[in-house]
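To start, the structure itself, in structure tokens.
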Amino acid sequence: MPGKSTELLAYHAKRDGKTHVNSTIRVRTGTEFSAEFANDLDEETTVHWHGLHVDWRMDGHPFQPVATGATYRYAFPVRDRGGTYWYHPHPHGGTARQTYAGLAGFFLVEDNDQRRLDEALDLTLGETDIPLLIQDKVLDESGYFLYEPDQMAVDMGYEGDVVLVNLTPTPYQEVSTRIYRFRLLNGSNARTYRIAFSKAGEEELLPYQVIGTDGGLLDRPHSADEVLLSPGERVDILLDLRSLEVGEELMLSSLSFDPMHREHEMDMGGSMDYMEHMDMGHHQMHHQMGPARLPDGSEFYLLRLVVKEKTDYSRSVPEILSEIPQPDLGEADIRPITISMTTDDGGMRWLINGKTRGMDEVSIVVQRGAREVWEIRNDEKSMPHPAHLHGFQFQILEWADTPEQVAHLVIDEESRLVTDVGFKDTVLLWPGETVKCTMDFSHGFEGEQIYMFHCHILEHETAMMLNVKIADSRG
């Protein structure tokens, strides 16, 4: 903040005699990645490589904690499609607090498709290809990140009063009249964003092209003027600024929407004691965060773009970006997954398949190489939940019971959104909604593998988490 210093937790990466903070790591598909991780915190932690297909011992599972003062060698071949991935902590019970305190960074994978796009559009990372990490924070009077969730925040997710982009408040970017690529990552603990561009002071939304999601490039560009981005999700977009004049300003904003929390609170079947607890939670949250708190679903700007120069730019976006194979369902089994809520003793608990997580319990077992269709349903008496699977990407087949406020974003008969047509590792389910996803559990790692499936609202993560074992059928 202006005139103030902020203490935060950070990854200090040392390479070639230089030290970087929360580095953007760039690796080519087919190469080996290796890092010696030293934990200098006063508590255990791990590093989770979100979205990457790695051996589970490299995945940052809480079963593999790195103790205070200890080191751990993360080393794995990068087998993923080129795309925008990221890394953050994943210790048992500490993920929300440590990530909120500053531990997060981009992990960008390059492949031939990515290089062709860079060449076609003359894109340079950090200049015209710009990663944007979006996070909301509560700041105290000293400018430090304040993480003191009350029971309401534990139940519904911890949200802030200041939105930072790349840890920068009220950020702006000078641009020229050409095509830019923006890689947007929602690194917030709980807040969902409705992403749109407009000219400063105008309501009309500017069109852009969605070119990538969690698992890399789409098969072709898809036109849009807004997308939803829940915690853990990524979206890559191209914005064409050639029609603008020097001095014009654009706003990257999050538009208003119904977060579908509070309309369900009075219909969750809880006791009056619980409802009073929820009301008190709202009161405490507003008192703690002050009048400037941004309610979930409110509208605010994320980044201001200022046109500084006219350029001679005549590149065009390729019609084909990559190949997205059609899902091979074969003899795929359908596995039902449910997300729900229960109340007891005046409190509430979120459940997956009717249970909260047992640290050592394995709740889902699949065979190596199995193909399954997961039918994930979020109960009507619920709230939006972003569901994340470790270790594997999946493809979305179809949606059912999508809420009305999302209906205008549907692009096909399967009720998919533009952000659903590629590979995914995180998917947002609204209350009452059901999604079918095809899962391919093929891998080349030795022995049994244990990953996780959980809600990526980080305050929900510890309880709303199931261990997923990939059994080695070869014995």
Open item on the list: Would you call the rings of H456 and H388 parallel, tilted or perpendicular, taking 30° and 60° as the class edges?
Closed with: perpendicular

- [ ] Verify the neighbour count for atom CD of E32: are there more than 12 heavy atoms of other residues, nucleotides or ligands below 6.0 Å?
- [x] yes

Open item on the list: Rounded at 0.5 Å granularity, tell me how far CD in Q449 sits from NE2 in H443.
Closed with: 5.0 Å

TODO: Report the C-alpha separation of E110 and R26 in whole Å, then their side-chain angles, then the decisive distance to 0.1 Å, and conclude whether the salt bridge (Lys or Arg N to Asp or Glu O under 4.0 Å) test is met.
DONE: CA-CA 7 Å; E110 293 184 341; R26 182 166 49 170; 3.5 Å; yes

TODO: Indicate yes or no: does D55 engage R57 in a salt bridge with an N to O separation below 4.0 Å.
DONE: yes

Task: Mutual orientation of the aromatic rings belonging to W374 and F441 [parallel < 30°, tilted 30-60°, perpendicular > 60°] - done: tilted

Task: Derivation of the salt bridge (Lys or Arg N to Asp or Glu O under 4.0 Å) call for E249 and K199 - done: CA-CA 6 Å; E249 296 187 4; K199 290 185 179 181; over 6 Å; no

Open item on the list: Closer than 3.5 angstrom, by distance alone: can the side chain of Q395 be matched with the main-chain N or O of F423 as a donor-acceptor pair?
Closed with: no

Open item on the list: Test your reading of the model: is there a side-chain donor-acceptor pair from S253 to the backbone of A196, 3.5 Å cut-off?
Closed with: no

- [ ] Anything under 30° is parallel, anything over 60° is perpendicular, the rest tilted; go ahead and classify F182 against Y180.
- [x] parallel

Task: Evaluation steps, ring pair (Phe, Tyr, Trp, His ring centres under 6.0 Å), between W86 and F106 - done: CA-CA 4 Å; W86 65 303; F106 283 92; 8.3 Å; no

Open item on the list: If the threshold is 4.0 Å, N to carboxylate O, is there a salt bridge linking E319 and R220?
Closed with: no

Task: Test of ring centre spacing under 6.0 Å for W49 and Y87 - done: yes

Task: Charged N-O contact under 4.0 Å between K436 and E414 - done: no

Open item on the list: Does K137 qualify as a cation-pi partner of F145, given the criterion of NZ or CZ under 6.0 Å from the six-membered ring centre and within 45 degrees of its axis?
Closed with: yes

Task: Point-to-point distance, once rounded to the nearest 0.5 Å, from CG of L252 to CD1 of I134 - done: 6.0 Å

Task: Sole candidate of H454, H61, H390 that passes side-chain hydrogen bond (donor to acceptor under 3.5 Å, both in side chains) when paired with N467 - done: H61

TODO: Return yes if some donor-acceptor pair links the side-chain N/O of E174 with the main-chain N/O of V307 below 3.5 Å, else return no.
DONE: no

- [ ] If the plane angle is over 60° it's perpendicular, under 30° parallel, otherwise tilted; pick one for Y208 and F197.
- [x] perpendicular

- [ ] Take F392 and H53 through the ring pair (Phe, Tyr, Trp, His ring centres under 6.0 Å) test and state the conclusion after the steps.
- [x] CA-CA 6 Å; F392 299 90; H53 180 58; 5.1 Å; yes

Task: Electrostatic pair R181-D236, nearest N-O below 4.0 angstrom - done: yes

TODO: Check whether any side-chain N or O of S256 sits under 3.5 Å from a backbone N or O of E299 as a donor-acceptor pair, and report yes or no.
DONE: no

TODO: Could you verify whether a donor N or O on one side chain and an acceptor N or O on the other, from D440 and S442, lie under 3.5 Å apart?
DONE: yes

Task: ring pair (Phe, Tyr, Trp, His ring centres under 6.0 Å) between F33 and F107, intermediate numbers included - done: CA-CA 11 Å; F33 172 77; F107 192 103; 5.2 Å; yes

TODO: Looking only at non-hydrogen atoms, find the nearest pair between E448 and A471 and report the distance.
DONE: CG-CA, 4.3 Å

Open item on the list: Quick check for you: to the nearest 0.5 Å, what is the distance between S415 atom OG and E433 atom CD?
Closed with: 8.5 Å

- [ ] Return yes if a side-chain donor-acceptor contact under 3.5 Å exists between Y301 and S254, otherwise no.
- [x] no

- [ ] Classify the ring geometry between W350 and H460 as parallel (under 30°), tilted (30 to 60°) or perpendicular (over 60°).
- [x] tilted

TODO: Any chance you could measure L458, atom CG, to Y158, atom OH, to the nearest 0.5 Å?
DONE: 13.0 Å

Task: Separation of R234 CZ from T426 OG1 (nearest 0.5 Å) - done: 6.0 Å

Open item on the list: Against R116, only a single residue in N112, D113, D118 fulfils side-chain hydrogen bond (donor to acceptor under 3.5 Å, both in side chains); can you say which?
Closed with: D113

Open item on the list: Salt bridge or not between K424 and E233? Use side-chain N to carboxylate O under 4.0 Å.
Closed with: yes

Open item on the list: Checking F37 against Y72 for the ring pair (Phe, Tyr, Trp, His ring centres under 6.0 Å) test, could you report, in this order, the C-alpha distance in whole Å, the side-chain angles of both residues, the deciding distance, and whether it holds?
Closed with: CA-CA 5 Å; F37 175 68; Y72 192 87; 8.4 Å; no

TODO: Check for a donor-acceptor pair, side chain of D136 on one end and backbone N or O of V163 on the other, with a separation under 3.5 Å.
DONE: no

Task: Nearest-0.5 Å distance, CG of residue L9 to CZ of residue R97 - done: 9.0 Å

Acceptor/donor pairs from residues 64-71 side chains to any protein atom, 3.5 angstrom cut, sequence neighbours excluded:
residue: T68; atom: OG1; partner: L41; partner atom: O; Å: 3.4
residue: T68; atom: OG1; partner: E43; partner atom: N; Å: 3.1
residue: T71; atom: OG1; partner: E36; partner atom: OE2; Å: 3.2

Task: Side-chain touch I195/E226, heavy atoms, less than 4.5 angstrom - done: no

Task: Option among D122, D312, D129 that satisfies the salt bridge (charged side-chain N to carboxylate O under 4.0 Å, His left out) test with R178 - done: D122

Open item on the list: Quick check: do L250 and R304 have side-chain heavy atoms less than 4.5 Å from each other?
Closed with: no

